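Take a look at the structure below.
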Amino acid sequence: MRFSQLLLPTLKETPAEAEVVSHKLMLRAGFIRKLASGIYSYLPLGLKAIRKVEQIVREEMNNAGAQELLLPMVQPADLWQESGRWKKYGPELLRFTDRHQRESCLGPTHEEVITDLVRKNIHSYRNLPVNLYQIQTKFRDEIRPRFGLMRGREFLMKDGYSFDATEKGAEETYEKMKHAYHRIFKRCGLSFRAVEADSGTIGGSFSHEFMVLADTGEDTIVVCGQCAYAANMEKARAMAAPTRPAEPQLPLARVETPGKRKVQAVCEFLGIPPQNLVKTLIYVADGKPVAVLLRGDHEVQEVKLQNLLGATEVRLADDKETFDCTGTPTGYLGPVGLSLPLVADLEVTAMANFTVGANEKNFHLRNVNIGRDFTVGQTADLRMVTAEDRCPLCGGQLGLTRGIEVGHIFKLGTTYSEALKATFLDDQGKEIPFVMGCYGIGVSRAVAAAIEQNHDNDGIIFPVPIAPFQAIILNLSTKDPAITRAAETLYEECRAIGIEVLLDDRDERPGIKFKDADLIGIPFRVMVGNSLTKEGKIEIRERAGGQTTAVSLADTTARLKQMVESAMTNSQL
RNA sequence: CGGGGCGUGGCGCAGUCUGGUUAGCGCGCCUGCCUUGGGAGCAGGAGGUCGGAGGUUCGAAUCCUCUCGCCCCGACCA
């Protein structure tokens with residue numbers, strides 16, 4: 001491709017709308033342009049990068065036994081009503097009515113459609129398993145689109161769905177997909193972790209998120225410094241607390257704590273560490289109040305609470321609600337004598353002689369002990385893991401990092417197949433529902449994530465496998481016939497041997513070409529200019545690291561090929 | 001939806017508080033000269049209903065009302 005003919009509108013200055021680096025750079029590098037909030041046009045260079053990721057995804061999905069198909073983007077409401085999600089999904093689902101007054105929606109995901117397809121066409125265990133995927137534009141009417149391609153309303157996604165005859169089969173498929181995902185992101189040249197994720201209300205027992213590690217990521221993930229353990233905050237566990245200390249139980253004492261409501265204030269006032277205090281929080285779970293006990297220095301992880309209670313909605317009660325159901329103002333609540341359902345975080349059960357609110361304004365209780373002074377209903381891991389915690393698997397130090405979710409795999413089970421009555425006959429002639437899994441990859445987001453992870457002050461530094469072009473040839477003096485001839489020759493040679501190359505043949509000064517080449521992040525830059533005239537040398541510069549190699553004109557193409565191939569192989573498995 | 005901010009040539013901004021000739025500046029764009037290894041220089045030029053509608057006024061980018069769009073924080077979410 002010739003730069004002079006390419007729609008590549010690079011910008012010197014960053015448009016005011018962009019906040020994060022990938023968004024800024026994709027605008028400046030002429031990859032994308034915004035049409036409306038969360039809706040972008042992909043320009044040729046941006047599309048090329050996306051196609052690279054798509055192709056890797058295709059190859060690995062196909063290798064793992066999945067088949068590509070393409071499902072409709074417009075979906076009838078009937079199907080969504082059948083699965084129950086027409087009501088559940090909320091305003092994120094963009095709904096509209098067609099000319100016949102039929103209700104429809106733009107597909108944000110395709111469980112319904114694929115399940116319908118399979119139930120109508122597969123009736124026997126002999127045809128299982130099947131694993132189907134598509135790469136398609138999705139639409140989700142996000143509350144707040146932001147960060148360019150990172151969280152758009154319209155975005156490109158690979159979504160796959162598997163159908164197995166048995167739980168065991170579904171688990172094997174899940175593992176296959178997990179493996180394929182590792183290969184995909186590795187091949188894309190991304191630094192990532194697969195983390196255990198909460199499978200939410202979907203009812204699945206298996207779920208992993210694939211997170212690209214980047215400081216600007218929207219999600220916090222917990223990673224063990226010593227072993228492979230990684231999880232998102234909703235799921236992360238810590239090594240179990242040491243068993244309850246054998247210290248003797250001290251007599252219960254009621255102490256006055258005037259005006260001391262916050263954990264910190266109470267602790268300072270009483271001269272105790274927050275690790276020795278138990279706070280009592282009132283939550284509203286599906287409209288019903290429940291008291292949650294937590295060590296003073298810990299925070300509730302609401303998804304864990306939600307899962308424990310089997311609730312569809314949990315939220316912290318406000319001051320008024322708290323007072324209404326306890327008769328005590330917030331700050332002085334405690335478990336002793338409280339007539340609400342009590343759930344406790346595991347850490348609390350390891351504590352003895354701790355301090356709690358007295359359920360009376362301006363008073364706390366000291367030397368409280370579970371069993372003697374009160375009993376808890378349920379105990380579970382309910383808290384947010386912190387950087388001080390240790391790995392639940394190996395005891396190593398845990399760390400918190402930021403990540404960008406680019407992939408998510410779920411074992412769905414029979415939730416959708418049951419709702420949509422998607423069944424087959426097993427080898428006993430019995431009618432049973434398919435066991436499903438679903439597997440997503442944010443393709444456009446993956447490109448943004450790659451840029452978040454790989455850039456410098458001058459622009460993008462693409463990993464070779466997903467770069468829009470592998471190399472760029474700079475003709476540094478278009479008026480010089482010898483230089484131009486050399487650049488053109490190299491360009492033709494490269495194309496002939498399959499190097500994806502862009503020729504900067506514009507009548508511009510060298511500085512502009514250097515800047516643009518750096519900005520758009522092409523891995524190898526081939527410079528044809530003075531050094532050819534003076535020393536007979538062509539320079540090849542690596543975008544990552546800036547290492548420059550001088551070679552003779554005759555050797556350039558072969559050398560470049562070698563460098564490109566070596567970079568591609570390094571990102572293979 | 002709550003809070004904050006912004007809409008002025010393609011991009012980045014000034015001007016708005018305190019209304020008053022012809023609405024400026026940098027970059028980009030076009031023409032010519034010149035220049036060619038890190039976003040050159042000189043000269044000339046094109047391009048703006050100041051987001052939109054209504055109002056106040058002799059006069060509105062500027063003041064008032066309404067409205068649309070965009071960005072950030074929060075709630076929310078795969």
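Here the structure is a predicted model, which means the values were calculated and not measured. Here is how names work: the chains are called A, B, and so on, in the same order as the sequence lines, proteins then strands, and each is numbered from 1.
Residues forming a side chain to side chain donor-acceptor pair (under 3.5 Å) with Lys320(A) (at least two apart in sequence, or on another chain): Asp324(A). Considering only residues two or more places apart in sequence or on other chains, Tyr161(A) meets the ring-ring contact (aromatic ring centres under 6.0 Å, His included) condition with none of them. Shown here are the side chain to side chain donor-acceptor pair (under 3.5 Å) partners of Asp219(A), two or more places apart in sequence or in another chain: there are none. Glu218(A) pairs by the side chain to side chain donor-acceptor pair (under 3.5 Å) definition with Arg151(A), not counting sequence neighbours. Residues passing the side-chain contact (heavy atoms from CB on, under 4.5 Å) test with Pro44(A) are Leu6(A), Leu7(A), sequence neighbours excluded. Here Asn530(A) pairs with nothing under the side chain to side chain donor-acceptor pair (under 3.5 Å) rule; sequence neighbours left out.
Pair assignment for A43(B): U31(B), on the basis of Watson-Crick or G-U wobble contacts that are both within less than 3.5 Å. The base-pairing partner of G2(B), taking Watson-Crick or G-U wobble contacts with both distances under 3.5 Å, is C73(B).
For the segment residues 73-91 of chain A, the set of residues with a heavy atom within less than 4.0 Å of an atom of RNA chain B is empty. Contacts between residues 23-35 of chain A and RNA chain B, defined by a heavy-atom separation below 4.0 Å, involve Arg28(A), Lys34(A), listed by number.
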Nucleotide-resolved protein contact map, nucleotides 1-12 of chain B, B/S/- at heavy-atom distance under 4.0 Å
----------BS
Summary of protein contacts for nucleotides 32-38 of chain B, nucleotide by nucleotide, where a base hit scores B, a sugar-phosphate-only hit scores S (4.0 Å, heavy atoms):
---BBBB
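When distances are taken from the side chain of Arg146(A) to each of C72(B), G39(B), A78(B), the shortest belongs to C72(B).
Among residue pairs with one or both ends in residues 466-478 of chain A, those qualifying as side-chain hydrogen bond (donor to acceptor under 3.5 Å, both in side chains) are Asn475(A)-Thr484(A), Thr478(A)-Asp507(A); sequence neighbours excluded. Sorted by first and then second residue, the pairs that involve residues 18-32 of chain A and meet side-chain hydrogen bond (donor to acceptor under 3.5 Å, both in side chains), not counting sequence neighbours, are Ser22(A)-Glu452(A), His23(A)-Tyr40(A).
Between the C1' atom of C76(B) and the CD atom of Glu142(A) lies a distance of 9 Å, rounded to the nearest Å.
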